[in-house]
Amino acid sequence: MHHTPRVSPLRLGVNIDHVATIRNARGGRHPDPLRAAHLAIEAGADGITAHLREDRRHISDTDIARLKDELTRPLNFEMAATPEMLAIALRHVPHACCLVPEKREERTTEGGLDVVGGAKHLAPLIADLKAAGIRVSLFIEADVGAIEASAKLGADIVELHTGTYCEQALDNKAAGIAREIARLAEGARRARAAGLEVHAGHGLTYNTVRAIAQIPEVVELNIGHFLIGEAIFGGLSPAIGRMRALMDAARQPALETTR
Ligand code: PXP
């Protein structure tokens, strides 16, 4: 008998930036983000995400080169939309590039990339990345304007910013949580309808992951800070294993097969 899943499986991208933050606190080589990346993959990560910031506060150029050369799973390279970062992306050709705001002018009031105001500036950069065979993701707020602009710009993916939802959850604000989940679910639906692949992330924890994992259009979550923080207490593999299990459990009812 043939069973067809109703929704796609949910991938986990583990962001290893803050392993580098700890390394850089002493300037040496330990802890090594590449070692964390290998461990994350063993523990159930489907891909690795790293953000090369303009000030190199965590991930370094060498880290990106090593990740690209040695990883057995896709590398999602987070970068600002600058000529310097474009050149680095074109040199390494990661599986995907996620364009994120770094400066105040590049971000919307809530924190996503200003794809509407920045469309003229973003268009050629997106075209160059796509021409190199790199999948392009835009880190945006789950707002109609941003979603439509992302589709128009030819992005392959939008990563919906879950930061406001997670802040509301931290403050236990029931109305705010409900409002943000509804906004993200509607955004995911619209983005998918516009032909975009939908990812989500920022600030996700064991407590907040479920509601996002239940949005059927979302096919990938990118999670970093909380996992690296939890790793201090119980190790990286158990932290990732638990997050993976929570994601899978949240997805379960939707994964029921149809005949
Ligand atoms: N997605 C994007 C685009 C990000 O920039 C970040 C943070 O670097 C994340 C996801 C992960 O957020 P967090 O580290 O809070 O889990």
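Predicted model, so just to flag it, every value in this text is computed and none were measured. Whatever order the structure lists ligands and atoms in, that order sets their numbers, starting from 1.
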Closest protein heavy atom (residue, atom, distance) for atom 10 (C) of ligand 1: Glu159 OE2, 3.2 Å

Note: Ala188 and Val198 closest approach over all heavy atoms is O-CG2, 3.7 Å

For Ile212, the option from Ile223, Thr162, Leu10 that meets side chain to side chain contact (heavy atoms under 4.5 Å, CB included): Thr162

Are the charged groups of Asp143 and Arg183 less than 4.0 angstrom apart, N to O? yes

Which heavy atom of the protein is the closest neighbour of atom 16 (O) of ligand 1, given with residue, atom name and distance? Gly224 N, 2.8 Å

Element-labelled atoms of ligand 1 that are located less than 4.0 Å from some non-hydrogen atom of Val100: 3 (C)

Identity and separation of the nearest protein heavy atom to atom 12 (O) of ligand 1: His202 CA, 3.3 Å

Suppose we measure from atom 14 (O) of ligand 1 to each protein heavy atom; which comes out shortest, and what is that distance? His225 N, 2.8 Å

Begin from the C-alpha positions of Glu102 and His51 and carry the test side-chain hydrogen bond (donor to acceptor under 3.5 Å, both in side chains) through to its verdict. CA-CA 11 Å; Glu102 277 203 14; His51 183 181; 2.9 Å; yes

Tell me which protein heavy atom sits closest to atom 11 (C) of ligand 1, plus the residue, atom name and distance to 0.1 Å. Asn222 O, 3.7 Å

Does Glu220 pair with Arg135 as a salt bridge, N-O distance under 4.0 Å? no

Could you label the plane-to-plane angle of the His202 and His161 rings as parallel, tilted or perpendicular, counting under 30° as parallel and over 60° as perpendicular? tilted

Presence of salt bridge, Arg107 and Asp114, under 4.0 angstrom: no

Below a 4.0 angstrom heavy-atom separation, can you tell me which part of His161, side chain or backbone, both or neither, approaches ligand 1? neither

Ligand 1 atoms nearer than 4.0 angstrom to some heavy atom of Gly203 are 12 (O), 13 (P), 15 (O), 16 (O)

With heavy atoms only and a cut-off of under 4.0 Å, state how Glu78 meets ligand 1: side chain, backbone, both or neither. side chain

